[in-house]
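Nothing fancy with the numbering, it's 1 onward along the sequence.
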Amino acid sequence: MTTTHVRPEDCLATIEGELTVSGADGPIRIVRDRWGIPHIQATTARDAFFGQGYCIGQDRLWQLELERQMARGGRAAMMGPKLVGRDRLARRMGYARYAEAEWEAQTENAKMVLQAYADGINAARETNPKPYEFHVLSHEMEPWHPVDTLAVIKLISANNHWASKLKFGKVGEALGAEAVASLVADLPEGTSLITPSRAKWTLETHPFAEDIEAAMGAPDGVVAAGGGSNCWVIHGSRTDTGAPIVCGDPHLEVMVPGQWYVLHMECPEFTAAGPVNPCYPGPLYYGHNTKVAWTMTHAAGDRWDLYRERIRQGEHGPEAQHGDRWEPLRRIEERIAVLDGPDEVEVVWESRHGPVIAGDPTRDDEVVAAAWGLHEPAHDVEAVWRLLTSTNAAEAREAVRTFDSISGNFCFADQSGDIGYQYSGRIPKRRRPALVPVPGWTDDYEWDGSIPKDELPAQQNPEAGYIVTANNKTVDGDYPYYLSFTANRFRADRLNALFEDTEIFRLDAMPELQGDIVSTHAQDLVPHLVAFEATDPEARAMQDLLRGWGASMDVDSAAAAVYWRTAEHLAASTVRAYYGQVAGIPSTSAADEARTLLQELEAGRTTMLPAGQSWPHAIEAALVAAAETLRERQGPDASKWRWGAEHHMGYHHNLGRDPELAKVLNIPDVEVPGDGNTPFATQMAWGPTADHGVTYRQVLDLRDLNAARIVIPPGNSGQPGSPHYADNIERWRNVEYHPLFIEWTDIEANAEGELRLTPA
């Protein structure tokens, strides 16, 4: 890695004065407030998006370039040969290839937005100091293109369901259908659903059991082939303000620069404020336009299916069987540039279903291809335009239905008092859902287009007076279509329990909900850990710490530390060891191992236990191991053990692995409460550092949107050396907020700098 004598402070953006820029139609005013949030005044919508791109290009140019190269498969050219493997995968997935075709299918409005946004980024690149990271890498950035935005949207919307299904296939082949079922989140009776509000899951059967069994029974067996959120909206009839309240907090990978960039922009067509992904226009996930406010959680819509393709070598290359025909595979050659090394070549093969992601069709008689619901052009930027210009909840719902890539549970409210919910995204309409690779030579598992958008789950003004979503299952067993195999019940069950105990919701109580640190998973697991009297004195001492504990993951709680470390050791000896029998599959996350462990205990299954052991034996051994671990880490006095000593949040820069750069780019770890199953989400691996969690919070009162309360950790600037690089850590940790003003009197009273852009 190149060393540089340039200081981060020398690379900061220009935020005061006047600059002449290419690409703007008229003058643009940008006022940055004391929280580092830009407020953009423009005379046209095109210039508003130009201004948005300009501000992001000032504060997040490194992040833009990194995400673009992730989508295009170009990171090895920036940072070296260790990233060639990831570039190969991006080329195979084809995000950039599909984005090229998607550009031609955009509406004129969408093209205007995309081009203005790109022009703003390029103007910032030309008129501001080069980012510090570019000096470190001796990197020169090429101009941003609208297709880059579309490629990043595809990258971010892809999720990893295809990888999960590859894993399920290997697990199913080695261990059987029951082992696959245990990897999928179970839905105990009484689990909270999203719609209708207050509904509960009532079926005793695992919701995907039949799908698993059907897929496992496919001809010739199974082939061996190699983020979260909370949100809610409350009707004015249930609030102390008399107006709707809209709250949200996404849970994503924690990093620096942060996942979100907050801004406010104003033009004749709309005023909008909220967080945006730095690589594409918005706000689209959270925010408001002064008439409608919205929030969302990831719906994890399953857009991938994996198809086993029978292969033969034809006259012109590999062919895949379809019925009684053989169809040639398409060959695509991708050249990957490598820093300080020769180019690499990735040969991509595509069947009628999609790219081959496992196997080599030039030598194997069977491979796996991935079909993706976003291979065809999407229309997300048109949806952004409709959302930003919507005037009521009904128009917002129609805008949200336009999203193809964004699979979300959107909640919204308008100034007239209506609240609503809308599931979004293009989801395949399947003949037979499957969680493992299935035969591609028949039509049994083909798609019949997509689920009609007007049949996706929705509700308006529910009798309950509120809608809560937290990545839990969306609908009951009567819904006619398959949406996803992914669901998380713990945070939703906790929030719904709190909501059901509340008659009138106070605006000032919203931080208490967003900051809640009671773990439903712990409430359910601990009774199993203390259901018997351990024989080992140390194990009994650990049980005594857990008895009477309220499952609050407070930084000063010894019981929280004992619970988590016991779960770690118990999962290692059971769940991890059991799936470790299957060669060549990625390890399961700590959160998923803990969930699977609880499911096995709740069901009374013994399949994953070591030979000759009962659950009490395994639990007692785990309690003893947890005590040993905590004693080594925190000393012999159990009364002084603390969850905070076991649970840190680390904000690390992509280049911060270098020890010298770490001092400049990384933010020191901080102790944090909660875990991945608490509303205040701080998800970690089994080690001490959390790597996923709350990346933004908003509390919006439709009575006064100028009084919006937000926090964006670590800070709004992505530039090391900026006072806003990490100024929100303590606010975030303490569940504190700052304003997101939209009225210019307040903005100017808190101004930190004013920049005027004049067209060249």
Practice problem: Dump the intermediate steps for salt bridge (Lys or Arg N to Asp or Glu O under 4.0 Å) on Arg88 and Glu344, then the final yes or no. | Solution: CA-CA 9 Å; Arg88 289 185 184 278; Glu344 300 266 355; 2.8 Å; yes
Could you verify whether a donor N or O on one side chain and an acceptor N or O on the other, from [X] and [Y], lie under 3.5 Å apart?
{"X": "Tyr261", "Y": "Asp59", "result": "yes"}
{"X": "Thr14", "Y": "Gln58", "result": "no"}
{"X": "Trp144", "Y": "Thr149", "result": "yes"}
{"X": "His353", "Y": "Glu446", "result": "yes"}

Practice problem: Give me the one residue out of Tyr98, Trp447, Tyr95 that meets ring-ring contact (aromatic ring centres under 6.0 Å, His included) with His375. | Solution: Tyr98
Practice problem: Check each of Tyr54, Phe270, Tyr117, Tyr280 against Phe49 using the ring-ring contact (aromatic ring centres under 6.0 Å, His included) test, and report the only one that passes. | Solution: Phe270
Exercise. Locate the shortest heavy-atom distance separating Arg91 from Arg97; write the atom from each residue and the value.
Key: O-NH1, 2.6 Å
Quiz item: Does a side-chain N-to-carboxylate-O contact under 4.0 Å join Glu346 and Arg92?
Solution: yes
Quiz item: Quick one: does NZ or CZ of Lys130 land under 6.0 Å from the six-membered ring centre of Trp62, within 45 degrees of the ring axis?
Solution: no
Self-check item: Note, Trp260 side chain near Pro278 side chain (heavy atom, < 4.5 Å)
Solution: no
Quiz item: Under the 3.5 angstrom rule, does the side chain of Tyr725 hit a backbone N or O of Leu665 as a donor-acceptor pair?
Solution: yes
Quiz item: In this structure, which one of Ile153, Leu284, Leu374 forms a side chain to side chain contact (heavy atoms under 4.5 Å, CB included) with Asp380?
Solution: Ile153
Exercise. Kindly check if the number of other-residue, nucleotide or ligand heavy atoms within 6.0 Å of NZ (Lys453) is above 12?
Key: yes
